[in-house]
Amino acid sequence: MSKLKEKITGILTDALKECGYPEKEIFLDKPKEDRFGDISSNVAMLLAKELKSAPGKIAAEIISKIPAGNPLISGVEIAGAGFINFFINDSYYKNEIKNILTEGDNYGKSDINKGLTANLEWVSANPTGPLHTGHGRQLCLGKAVANLLEWTGYKVTREYYYNDAGNQMNNLALSVKARYMQIFDKDFPFPEDGYAGDYVKEIAGKIYKEHGDSLKAGDDLDLFRKEGEEFTFKLIKKTLDRLDIHHDIFFNETSLYENSEIRKTLEEFKSKDLSYEKDGAVWLRMDENQGFQKDKVIVKNNGEPTYRLPDIAYHIDKIKRGYDLIIDIFGSDHGDTYKEVLYGVKALGYDADKIKVIIHQMVTFKIGNESFKMSKRSDNVYYLDELIEDIGADAMQFFYVMRGANTHLDFDISLAKDRSEKNPVYYLQYAHARICGILRNAAEVFPGFSLTDHNNPVTELISTPEEMRLIKVLSEFPDEVINSSETFEPHKIITYLNSVAENFHRFYHNNRVIDEQNKNLSMCRLYICLAVKHVLRNGFDLIGISAPEKM
RNA sequence: GCGCCCGUAGCUCAAUCGGAUAGAGCAACAGCCUUCUAAGCUGUAGGUUACUGGUUCGAUUCCAGUCGGGCGUACCA
């Protein structure tokens with residue numbers, strides 16, 4: 001909560017006490033219309049029922065107890081059904097310009113979670129092939145969420161978990177082996193559900209180059225698996241690098257076998273009678289009362305665990321590492337399975353409350369009027385690298401993040417690719433480029449001028465409605481960051497940045513910045529421009545898009 | 001069938017604990033470039049928030065049901 005809101009909350013709390021009203025948590029809203037002030041509270045309406053009195057009357061009582069003469073507040077009014085509306089003095093917002101300029105790249109950061117640690121696990125694609133557009137939403141979402149958490153003070157560990165022991169890697173090994181065999185015999189059968197991408201041929205070619213035909217006879221798949229994993233991981237990491245995503249920990253499933261954690265977890269289930277054997281497999285008892293329909297297999301009848309068991313062991317490991325917050329990001333296709341994993345974790349007595357799961361819905365792509373989904377069919381994969389080349393990394397990240405994770409996203413490739421005013425990314429970036437242009441021009445008109453006096457910027461001349469509106473919007477940035485961070489919803493930042501750009505463009509059209517005849521006013525507006533530039537850049541950084549100096 | 005998610009303007013989507021006249025962009029229409037980037041600005045039009053009921057001073061938001069869409073419902077992950 002911003003200092004402004006803290007103060008208003010304090011004032012209201014005190015007034016409630018003065019009135020002898022019961023304590024109420026104060027929620028402050030930003031009214032939609034200027035005439036309702038800058039901050040409003042509905043506390044009188046909330047009290048109305050308890051006190052069996054009219055909200056308007058209660059509001060009047062509260063206002064009468066608010067001490068007059070607070071320099072922050074220029075007015076308090078009752079409106080509508082009993083809202084208490086606060087009008088904030090312009091000087092507060094003018095002063096906020098100073099804060100933006102002095103804090104610069106740090107404006108918007110807060111320390112409300114200082115000293116806390118968070119672990120964000122995402123991407124976590126198994127190394128069976130390059131990242132594709134189906135992974136894109138999660139990639140960009142996670143990147144932004146990690147940034148948001150850091151901006152509110154968390155120490156964030158970025159983690160990538162992958163199953164290198166299961167079926168999928170086996171399948172990759174078989175696919176590579178088949179391509180290798182096809183070098184000698186082009187009719188050698190390819191596995192029906194094998195990975196058909198060209199990279200598999202590349203891996204096979206590499207193996208052939210290094211080992212010739214010496215692997216033709218053997219049945220051993222280890223080398224094919226190992227080469228396949230290494231090669232595809234290189235591709236994956238290259239794509240992540242392009243997007244400036246860097247994980248601190250790559251956690252592989254195998255390590256949980258090596259340190260016996262999986263065995264221990266299984267024994268714990270058995271000893272607590274949470275599992276039983278049937279048909280040669282080990283089943284986890286699921287609680288019907290928690291909405292589970294049937295028991296789930298955790299060890300197959302061939303002795304191999306299903307993904308659930310290592311996943312449970314993995315989450316227990318993360319809990320044991322002591323993070324204050326643990327976040328997983330999954331697509332909606334995992335919507336049910338994560339619940340099973342958390343159930344297992346809880347059943348063994350671990351505190352799963354600190355685990356938060358972000359589920360995002362699937363993405364439909366659209367080119368022109370044609371829609372298509374990322375198909376699992378291997379001949380129809382749209383790789384992320386291709387998308388980056390088609391539309392650019394900025395537009396891609398913007399489009400993946402711009403909507404709430406829980407809505408089905410329609411990704412309009414034609415629109416994202418469009419290098420015209422239709423493309424919403426440019427609306428934001430253009431505002432930044434425009435400011436840079438103004439600053440360049442200012443340097444020519446006012447040789448030797450500087451905007452370095454951050455502690456005392458010229459703000460007393462701020463007066464026009466566009467200027468006031470703009471600086472009010474700017475001052476909301478820290479709250480927006482906190483709000484997005486707490487709800488893990490980076491799209492709110494984009495919505496917010498849009499309003500910054502909108503208000504800047506309007507300001508630009510109605511308030512000429514550089515005026516040779518009036519240097520004081522010019523300086524004042526240049527400082528506003530600089531403040532807008534900082535907020536835009538900081539917001540862009542959170543989302544991961546660049547801030548162009550020219551367009 | 002069952003479970004989870006979604007349904008808001010022609011299209012894609014916002015809407016902060018349940019709050020005031022539900023907002024943007026695109027598309028449509030009408031304007032604005034001898035002045036700091038027109039990738040911009042201004043205006044018009046566009047809505048029974050899928051439907052029906054309930055709770056509430058107040059519902060896009062909460063509850064129940066109906067309809068429609070997505071995902072899952074594996075000894076895949």
Side-chain angles (χ1 to χ4, degrees), chain A residues 25 27-33 35-36 40 42 45-46 48-49 54-55 79-83 85 124-126 128 162-163 166-168 171 193 279-283 291-294 296-302 304-308 310-311 331-337 339 359-362 364 366 373 402-404 406-412 415 418-427 429-431 433-442 444-445 479-480 483-484 486-487 489 491-492 494-495 498-499 501-502 504-506 508-510 512-515 522 525-526 529 550-551:
Chain A
E25 199 181 344
F27 294 106
L28 298 175
D29 273 348
K30 193 188 77 138
K32 284 172 190 161
E33 287 183 57
R35 68 191 172 98
F36 294 133
S40 86
N42 63 348
M45 287 131 93
L46 297 177
K49 200 171 192 179
F83 291 99
N85 294 332
S124 298
N126 290 333
T128 57
Y162 60 102
N163 304 95
N167 250 339
Q168 293 191 3
N171 196 0
D193 51 355
D279 304 330
V282 181
W283 297 69
F292 295 106
Q293 296 177 340
K294 54 181 182 181
K296 297 288 179 180
V297 171
I298 49 175
V299 182
K300 299 182 242 179
N301 63 12
N302 66 3
E304 283 177 22
T306 63
Y307 72 93
R308 291 184 191 92
D311 258 28
S332 65
D333 52 340
H334 287 58
D336 283 342
T337 59
K339 288 176 188 157
I359 295 285
H360 65 84
Q361 302 301 317
M362 298 286 126
T364 306
K366 214 174 102 184
K373 273 218 151 68
M402 75 177 174
R403 305 304 185 197
N406 214 3
T407 70
H408 302 278
L409 177 65
D410 268 38
F411 198 129
D412 189 333
L415 180 61
D418 196 340
R419 298 187 57 81
S420 81
E421 74 283 353
K422 283 181 195 166
N423 194 324
V425 193
Y426 297 129
Y427 188 73
Q429 293 187 321
Y430 182 55
R434 230 178 190 177
I435 292 168
C436 293
I438 294 169
L439 295 175
R440 280 192 299 268
N441 293 334
E444 286 182 24
V445 176
D479 273 350
E480 293 289 341
N483 185 252
S484 302
E486 282 174 347
T487 56
E489 294 180 308
H491 78 275
K492 289 178 177 170
I494 289 185
T495 307
N498 211 58
S499 77
E502 185 184 334
F504 170 74
H505 288 309
R506 191 176 300 135
Y508 171 89
H509 274 271
N510 295 298
R512 190 172 170 84
V513 176
I514 298 172
D515 180 356
S522 301
R525 290 183 173 161
L526 284 166
C529 287
K550 274 183 187 173
M551 283 174 78

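Every chain is numbered from 1, with letters handed out A, B, ... down the list of sequences. The structure displayed is predicted, hence computed values, not measured ones.
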Looking across every strand, which nucleic acid part, if any, lies under 4.0 Å from [X] by heavy atom: base, sugar-phosphate, or nothing?
X	value
A:R403	base
A:I359	nothing
A:A442	nothing
A:R525	nothing
A:G404	sugar-phosphate
A:K30	base
A:N167	sugar-phosphate
A:K550	base
A:F292	nothing
A:N42	base
A:N498	sugar-phosphate
A:T337	base
A:D418	nothing
A:H334	base

Out of curiosity, [X] [atom1] to [Y] [atom2], how far, rounded to the nearest 0.5 Å?
X	Y	atom1	atom2	value
A:L439	A:L526	CG	CG	6.5 Å
A:D193	A:N167	CG	CG	9.0 Å
A:I514	A:S522	CD1	OG	7.0 Å
A:E421	A:Y427	CD	OH	12.5 Å
A:F27	A:L46	CZ	CG	8.0 Å
A:F411	A:T364	CZ	OG1	12.0 Å

- Query: Could you spell out the base pairing of RNA chain B in dot-bracket, with Watson-Crick or G-U pairs whose two distances are under 3.5 Å, [ ] crossing and | to another strand?
  - Reply: (((((((..((((.....[...)))).(((((.......))))).....(((((..]....))))))))))))....

- Message: Could you check whether A:R440 pairs with A:E444 (Lys NZ or Arg NE/NH1/NH2 to Asp/Glu carboxylate O, under 4.0 Å)?
- Response: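 Salt bridge: no.
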
Can a side chain N or O of [X] be found less than 4.0 Å away from OP1 or OP2 on [N]?
X	N	value
A:K300	B:C76	yes
A:K422	B:C26	no
A:Y427	B:C41	yes
A:T407	B:A14	yes

Measuring only the [atom1] atom in each nucleotide, how far is [N] from [M]? A whole number of Å is fine.
N	M	atom1	answer
B:G69	B:G54	P	28 Å
B:A27	B:C11	P	15 Å
B:C51	B:U12	C1'	23 Å
B:G70	B:U56	P	37 Å
B:U48	B:A39	C1'	38 Å
B:U55	B:A15	P	29 Å

- Closest non-hydrogen atom pair between A:I359 and A:G335, with its separation: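 Reported closest heavy-atom pair: CD1-CA, 4.0 Å.
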
Which of the following nucleotides, [options], is nearest to the side chain of [X]?
X	options	answer
A:T306	B:G19, B:C76, B:C41	B:C76
A:E33	B:U21, B:A14, B:C41	B:U21
A:I438	B:A77, B:A38, B:C36	B:C36
A:D333	B:U12, B:G72, B:G19	B:G72
A:H491	B:G72, B:A15, B:C76	B:A15
A:R506	B:C4, B:G19, B:C41	B:C41
A:E421	B:C36, B:G40, B:C4	B:G40
A:D410	B:C13, B:A20, B:C36	B:C13
A:K492	B:A15, B:C75, B:C36	B:A15
A:N483	B:U16, B:C71, B:A77	B:U16

- Message: Closer than 3.5 angstrom, by distance alone: can the side chain of A:N126 be matched with the main-chain N or O of A:T128 as a donor-acceptor pair?
- Response: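 Not a single qualifying donor-acceptor pair exists.
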
- Task: Taking A:N483 for its side chain and A:D479 for its backbone only, find out whether a donor-acceptor pair lies under 3.5 Å.
- Result: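 Absent.
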
- Message: Among residues at least two apart in sequence or on other chains, which ones pass ring-ring contact (aromatic ring centres under 6.0 Å, His included) with A:H491?
- Response: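 ring-ring contact (aromatic ring centres under 6.0 Å, His included) list for A:H491, sorted by chain: empty.
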
- Item | Those residues that, when tested against A:Y508, pass ring-ring contact (aromatic ring centres under 6.0 Å, His included) (two or more places apart) |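 With sequence neighbours excluded, A:Y508 shows a ring-ring contact (aromatic ring centres under 6.0 Å, His included) to no residue whatsoever.
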
- On a plain distance test, is the side chain of A:D29 in donor-acceptor contact with the base of B:C17 below 3.5 Å?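 Side chain to base: pair present.
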
- Side-chain donor/acceptor contact of A:S40 with base of B:A20 under 3.5 Å: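 Such a pair exists between side chain and base.
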
Between [atom2] of [N] and [atom1] of [X], the distance in whole Å:
X	N	atom1	atom2	answer
A:K32	B:U16	NZ	C1'	10 Å
A:Q361	B:C5	CD	C1'	5 Å
A:N423	B:U12	CG	P	17 Å
A:K366	B:C13	NZ	C1'	12 Å
A:H408	B:C4	NE2	C1'	11 Å
A:F504	B:A39	CZ	P	14 Å
A:N163	B:A77	CG	P	7 Å

- Query: Under 5.5 Å between ring centres and under 30° between planes: does that hold for A:F36 against the base of B:A20?
  - Reply: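 By the stated criterion, A:F36 and B:A20 stack.
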
- Task: Check whether the aromatic ring of A:F83 stacks on the base of B:A20, taking stacking as ring centres less than 5.5 Å apart and planes within 30° of each other.
- Result: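 Yes, A:F83 stacks on the base of B:A20, since the ring centres sit under 5.5 Å apart and the planes are within 30°.
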
- Message: Which is more 5' along RNA chain B, the nucleotide nearest A:C436 or the one nearest A:S332? Just name the residue.
- Response: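 Going by which nucleotide is closer to the 5' end, it is A:C436.
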
- Query: On RNA chain B, nearest-nucleotide positions of A:A281 versus A:Y426: which is more 5'?
  - Reply: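 So the residue in question is A:Y426.
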
- Chi-angle category of B:C6 [syn within 90° of 0, anti beyond]: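 Anti conformation for B:C6.
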
